[in-house]
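One structure is given here, and the rest of the page talks about it.
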Amino acid sequence: MAWSQDEERMLLQIERHLIDEDPRLAARLESFNERVQRKEGGSGRGRGTRKGRGRSSRRLRRSTVIIMFSWLLIATLIITLLVMVLRHDAAAALPL
C-alpha cells in the first residue's frame with residue numbers, strides 16, 4: 001500500500017526534525033534499519049541460507065522452551081504461595 005503525498009511529506013518532516021534534534025539517535029535507527037534489511041534480504045545463496053534458517057529455528061525453539069519453563073516456574077511459585085496463605089488462614093481460623 002503506497003503512502004499518500006501528505007503522509008510522505010509528514011514522514012519527511014518528522015525525519016528531518018529527528019535528525020536535527022537527536023542526530024545520534026537518528027544514526028542508531030538508520031544502522032538498525034540497515035541491519036534488519038540485510039537480515040530480511042538474506043545472502044541469496046541456497047545452501048548458506050538454509051543453514052541460517054535451521055540455526056535460527058533451533059534458537060527459536062530453545063528460547064521457546066526457556067520461556068515456557070519460566071512461565072511454569074512462575075505459575076508453580078504462585079500456586080505454592082497461594083496454598084501457603086490459604087493453609088495459614090485456615091490454621092488461624094481454627095479454635096484452640
Side-chain angles (χ1 to χ4, degrees):
M1 184 173 174
W3 298 95
S4 71
Q5 288 181 348
D6 288 337
E7 290 169 332
E8 285 185 30
R9 184 177 41 79
M10 285 189 290
L11 286 172
L12 285 172
Q13 287 176 349
I14 292 170
E15 183 180 1
R16 283 189 209 114
H17 182 72
L18 173 64
I19 291 170
D20 292 342
E21 288 294 314
D22 195 349
R24 243 177 98 194
L25 176 62
R28 291 181 75 181
L29 289 172
E30 182 64 31
S31 173
F32 174 77
N33 287 336
E34 288 172 2
R35 282 183 275 156
V36 168
Q37 287 174 351
R38 277 195 304 259
K39 191 173 185 177
E40 286 177 351
S43 62
R45 297 180 192 138
R47 194 169 197 185
T49 305
R50 277 188 229 125
K51 280 184 181 178
R53 285 183 191 155
R55 198 176 305 136
S56 67
S57 67
R58 267 185 271 146
R59 284 186 193 140
L60 178 64
R61 280 185 258 139
R62 189 180 314 145
S63 64
T64 303
V65 169
I66 291 170
I67 291 169
M68 293 301 291
F69 179 76
S70 299
W71 278 109
L72 181 64
L73 181 63
I74 290 168
T76 304
L77 290 172
I78 290 172
I79 290 170
T80 303
L81 286 172
L82 285 172
V83 167
M84 289 174 63
V85 165
L86 292 174
R87 281 187 182 173
H88 177 72
D89 288 345
L94 290 176
L96 292 175

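Just the heavy atoms: all of them, side chains too, but no hydrogens, waters or symmetry mates, feed the values below.
Applying the under-4.5 Å side-chain rule to Ile, Leu, Val, Met, Phe, Trp and Tyr, the cluster around I78 extends to I74, L82.
Side-chain contact check for E30 versus E34: some heavy-atom pair is nearer than 4.5 Å. A 4.5 Å side-chain heavy-atom check between I19 and E15 finds at least one atom pair inside the cut-off.
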Q: May I have the step-by-step check of side chain to side chain contact (heavy atoms under 4.5 Å, CB included) for K39 and V36, ending in yes or no?
A: CA-CA 5 Å; K39 191 173 185 177; V36 168; 5.7 Å; no
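Exactly one residue among T76, L77, V83 makes a side-chain contact (heavy atoms from CB on, under 4.5 Å) with T80. That residue is T76.
Considering CZ of R28 and CG of L25, their distance stands at 7.5 Å, rounded to 0.5 Å. Atom CG of L18 is separated from atom CD of Q13 by 13.5 Å, given to the nearest 0.5 angstrom. Taken from CE in M10 to CG in L12, the straight-line distance is 11.0 Å, to the nearest 0.5 Å. In this structure, CG in N33 is found 9.5 Å from CZ in R35, a value given to the nearest 0.5 Å. Between the CG atom of D22 and the NE2 atom of H17 there is a distance of 10.0 Å, given to the nearest 0.5 Å.
Listed by chain and residue number, W3 satisfy the side chain to side chain contact (heavy atoms under 4.5 Å, CB included) test with E8 (two or more places apart in sequence, or in another chain). By the side chain to side chain contact (heavy atoms under 4.5 Å, CB included) test, S70 is found to be paired with I66, residues two or more places apart in sequence or in another chain being considered.
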